[in-house]
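From a predicted model like this one, the values you see are computed outputs, not experimental measurements. Note that ligands are numbered from 1 as they come in the structure, with each ligand's atoms numbered from 1 the same way. Any value given below was found using the heavy atoms of this structure, including those in side chains, with hydrogens, waters and symmetry copies removed. Start at 1 with the first residue, then count along the sequence.
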Amino acid sequence: MNEQPPANTPRHLAIIMDGNGRWAESRGLPRTDGHRAGMEAVRAIVRASRELGVKWLTLYAFSSENWNRPKSEVDYLMRLPEEFFEKELPEAIEKNVRILAIGKRDRLPLGVRSSLENAIARTAHCTGMRLVFALSYGARGELVEAARRLLRDAELGRVTPEALTEKSFAQYLDEPEMPDVDLLIRTGGEYRVSNFLLWQIAYAEIYTSDAMWPEFGREQLERALAEYRRRERRFGLTSAQVRSGRDEIAS
Ligand code: FPP
């Protein structure tokens with residue numbers, strides 16, 4: 001699609017994809033069928049986000065807490081990324097989508113890890129949308145890991161307490177180039193952030209949908225983006241300040 005994205009499209013969209021299990025159970029299906037349907041929803045939303053002009057899309061695919069689910073469900077979930085990359089990698093490359101990952105990669109089974117690393121390597125040259133999979137991810141874990149990297153740099157004399165800023169701290173996160181989240185969507189009718197991108201969502205607009213993740217398609221995404229465009233983002237300023245700043249930019 002060559003059309004320009006509408007003004008005020010979120011640069012970074014992050015999604016907590018909740019409700020696969022309930023979607024399946026309400027149909028008398030095993031929860032794993034819900035995850036499979038969830039993977040189909042991922043395909044559709046990746047495509048729609050790209051076409052709608054999103055520059056960064058981060059998907060919460062497996063949290064560090066999800067390791068505690070029944071083994072059969074974890075095993076099933078761990079099969080999906082390989083299958084997804086096998087099918088979707090050619091289109092990602094063709095559409096210039098760069099795949100990235102955040103989370104504790106060393107906990108992933110070897111097959112998942114190597115298919116993920118293959119997808120990352122084969123799209124490393126892509127300059128279009130960044131598609132980030134949060135896999136075995138928890139924000140507190142990411143922040144602790146960042147602190148660990150920082151302490152190592154401090155030991156080597158590369159950073160001092162006085163020199164540390166919010167901007168330089170962010171360089172120690174799992175994906176240093178990741179911008180702040182503009183819009184955080186959570187499906188499944190719940191109102192929690194569930195240890196997702198705690199640093200990056202500091203000023204995110206939050207949108208919740210009652211749709212279960214497998215039901216969340218392009219139409220629902222467009223509705224969320226329309227709602228986002230209607231919001232006034234104040235970043236701690238007053239509404240009058242925001243409006244006068246906007247007038248100055250326009251004049
Ligand atoms: C939450 O729903 C969802 C997950 C724990 C897994 C999300 C995974 C996918 C959408 C598929 C992953 C696809 C790729 C390509 C990696 P839930 O099971 O907690 O739902 P519930 O709250 O209804 O039980």
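Classified by interplanar angle (parallel below 30°, tilted 30° to 60°, perpendicular above 60°), the ring pair Phe216/Trp213 is parallel. The aromatic rings of Trp56 and His12 sit tilted relative to each other, their planes meeting at an angle between 30° and 60°.
In Leu156, the CG atom is crowded: over 12 heavy atoms of neighbouring residues, nucleotides or ligands sit closer than 6.0 Å.
Summarising the contacts of atom 19 (O) of ligand 1 with Arg69, Glu25, Arg31, Glu40, the nearest heavy atom is found in Arg69. The closest heavy-atom contact to atom 4 (C) of ligand 1, among the options Met39, Arg43, His35, comes from His35.
Given atom 22 (O) of ligand 1, the protein heavy atom at minimum distance is Asp18 OD1, 2.9 Å. If you check which protein heavy atom lies closest to atom 15 (C) of ligand 1, you get Phe84 CG, 3.3 Å. The shortest contact between atom 3 (C) of ligand 1 and any protein heavy atom is with Met17 O, 3.2 Å. Residue, atom and distance of the protein heavy atom nearest to atom 14 (C) of ligand 1 are Phe133 CE2, 4.4 Å. Here the protein heavy atom with the shortest distance to atom 20 (O) of ligand 1 is Gly21 N, 3.1 Å. Closest to atom 12 (C) of ligand 1 among all protein heavy atoms lies Leu80 CD1, 4.3 Å. Protein heavy atom nearest atom 6 (C) of ligand 1, with residue, atom name and distance: Ala61 O, 3.4 Å.
Residue contacts with ligand 1: Asn66 is placed with no nitrogen or oxygen under 3.5 Å of a nitrogen or oxygen of the ligand (distance criterion only). Looking at Asn20 next to ligand 1, an N or O pair under 3.5 Å apart turns up. Between Gly38 and ligand 1, not a single N/O pair is under 3.5 Å apart. Here's the thing with Arg22: one of its N/O atoms is less than 3.5 angstrom from an N/O atom of ligand 1.
Side-chain contact, Arg243 with Ser239: a donor N or O sits under 3.5 Å from an acceptor N or O.
Not a single heavy atom of Gly188 sits under 4.0 Å from any atom of ligand 1. For the ligand labelled ligand 1, residue Trp213 lies inside the 4.0 Å heavy-atom shell.
Clustering ILVMFWY residues whenever any of their side-chain heavy atoms sit less than 4.5 angstrom apart, transitively, puts Met78 in a cluster other than the one holding Tyr60. Residues Leu13 and Phe196 do not share a hydrophobic cluster, clusters being chains of Ile/Leu/Val/Met/Phe/Trp/Tyr side chains in contact below 4.5 Å.
Counting heavy atoms closer than 4.0 Å to ligand 1, residue Leu135 contributes nothing at all.
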Self-check item: Verdict with supporting geometry, Arg50 and Glu91, salt bridge (charged side-chain N to carboxylate O under 4.0 Å, His left out)
Solution: CA-CA 12 Å; Arg50 181 175 49 71; Glu91 182 171 333; 3.7 Å; yes
Exercise. Just do the salt bridge (charged side-chain N to carboxylate O under 4.0 Å, His left out) check on Arg11 and Asp180 with the steps written out, would you?
Key: CA-CA 9 Å; Arg11 178 171 177 229; Asp180 279 358; over 6 Å; no
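Under the ring-ring contact (aromatic ring centres under 6.0 Å, His included) criterion, Phe62 pairs with Trp67, not counting sequence neighbours.
The side chain to side chain contact (heavy atoms under 4.5 Å, CB included) test with Tyr137 is passed by exactly one of Asn66, Leu197, Thr58: Leu197.
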